[in-house]
A.B. asks: 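Below is a structure I'd like to ask you about.
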Amino acid sequence: MICGRISDNPLFILKNIQMAKYSAKSQKKVEKSMHEMKEGKLKSGRSGRKVTNPKQAIAIGLSEAREEGAKVPKKAASKTAKKAAPRKTAKRAAPKKAAKRAAPKKAAKRSAPKKAARRKSASKKS
């Protein structure tokens, strides 16, 4: 007997079965931490402040599950480590040149009297 749909094929089912990434225990921990966050009872471990971010609540639940030995994937690399590597290789921008101060104005003021003095001396000679 030939199966009509591909998904009914036993070989298709065997090839596409995947193991769960998170155990039931870890899922319960995350569910519990989310519930506590919504009630306003979940506190951050370090500072003791109330947690309001759902992502932070999930992270707390997963870390508690890890401590108890539940099946949880390894932690992802921290964002600071990812950002630090490109900064080391990046070239620094050249320092900005100091803005020219009032030097041109002073030179202009000094040159004006000299020109006037030259004109006077030129008129006296002739």
Side-chain angles (χ1 to χ4, degrees):
M1 212 168 135
I2 299 172
C3 299
R5 289 183 288 185
I6 296 172
S7 60
D8 291 339
N9 188 342
L11 292 174
F12 179 81
I13 293 169
L14 286 174
K15 286 181 181 178
N16 292 310
I17 292 176
Q18 294 178 347
M19 293 295 293
K21 288 185 179 181
Y22 299 91
S23 65
K25 190 175 189 179
S26 64
Q27 291 174 12
K28 289 284 182 186
K29 280 285 184 186
V30 170
E31 185 180 341
K32 184 181 173 188
S33 63
M34 286 293 288
H35 186 70
E36 286 179 14
M37 183 209 60
K38 288 179 181 177
E39 287 182 346
K41 295 179 182 176
L42 185 64
K43 305 269 179 164
S44 175
R46 204 175 264 187
S47 64
R49 295 175 118 186
K50 186 169 61 171
V51 173
T52 57
N53 188 350
K55 285 185 179 180
Q56 193 175 1
I58 292 167
I60 290 168
L62 290 175
S63 65
E64 287 175 0
R66 268 190 204 99
E67 287 172 6
E68 292 183 7
K71 183 184 173 190
V72 182
K74 291 180 181 177
K75 285 184 179 181
S78 65
K79 290 182 180 180
T80 55
K82 288 180 183 176
K83 288 182 180 177
R87 286 183 185 172
K88 289 178 184 176
T89 58
K91 293 180 181 178
R92 289 189 177 185
K96 292 181 181 178
K97 293 180 180 178
K100 293 182 180 179
R101 294 186 183 157
K105 291 180 182 177
K106 288 181 181 178
K109 287 181 183 177
R110 290 179 187 166
S111 62
K114 288 180 184 177
K115 286 180 182 177
R118 286 183 197 156
R119 286 181 192 155
K120 287 181 183 177
S121 63
S123 62
K124 287 181 183 177
K125 289 179 182 177
S126 55

A.B. asks: Do any side-chain atoms of residues 45-54 form donor-acceptor pairs under 3.5 angstrom with protein atoms, and if so which ones, sequence neighbours left out?
C.D. replies:
{"from": "S47", "atom 1": "OG", "to": "R49", "atom 2": "N", "distance (Å)": "3.4"}
{"from": "N53", "atom 1": "OD1", "to": "K55", "atom 2": "N", "distance (Å)": "3.2"}

A.B. asks: If you draw a 6.0 Å radius around NZ in K71, do more than 12 non-hydrogen atoms from other residues or ligands fall strictly inside?
C.D. replies: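 More than 12 within 6.0 Å, yes.
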A.B. asks: To the nearest 0.5 Å, tell me how far I60 CD1 sits from K43 NZ.
C.D. replies: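 Atom-to-atom, I60:CD1 and K43:NZ are 11.5 Å apart.
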A.B. asks: Is there a side-chain hydrogen bond (donor to acceptor under 3.5 Å, both in side chains) between H35 and E39 once you walk through the steps?
C.D. replies: CA-CA 6 Å; H35 186 70; E39 287 182 346; 2.9 Å; yes
A.B. asks: Counting only N and O atoms by type, is there a donor-acceptor contact under 3.5 Å from the side chain of R66 to the main-chain atoms of S26?
C.D. replies: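 No, because the side chain of R66 does not come within donor-acceptor range (under 3.5 Å) of the backbone of S26.
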A.B. asks: Working to the nearest 0.5 Å, report the span between CD of E64 and NZ of K25.
C.D. replies: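 Reported to 0.5 Å precision, the distance equals 11.5 Å.
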A.B. asks: Could you tell me whether E68 and K29 make a salt bridge, using a distance below 4.0 angstrom between a side-chain N and a carboxylate O?
C.D. replies: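 Judged by the 4.0 Å cut-off on N to carboxylate O distance, E68 and K29 do form a salt bridge.
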A.B. asks: Got a second to check how far S33's OG is from K38's NZ, nearest 0.5 Å?
C.D. replies: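 So the gap between those two atoms works out to 10.5 Å.
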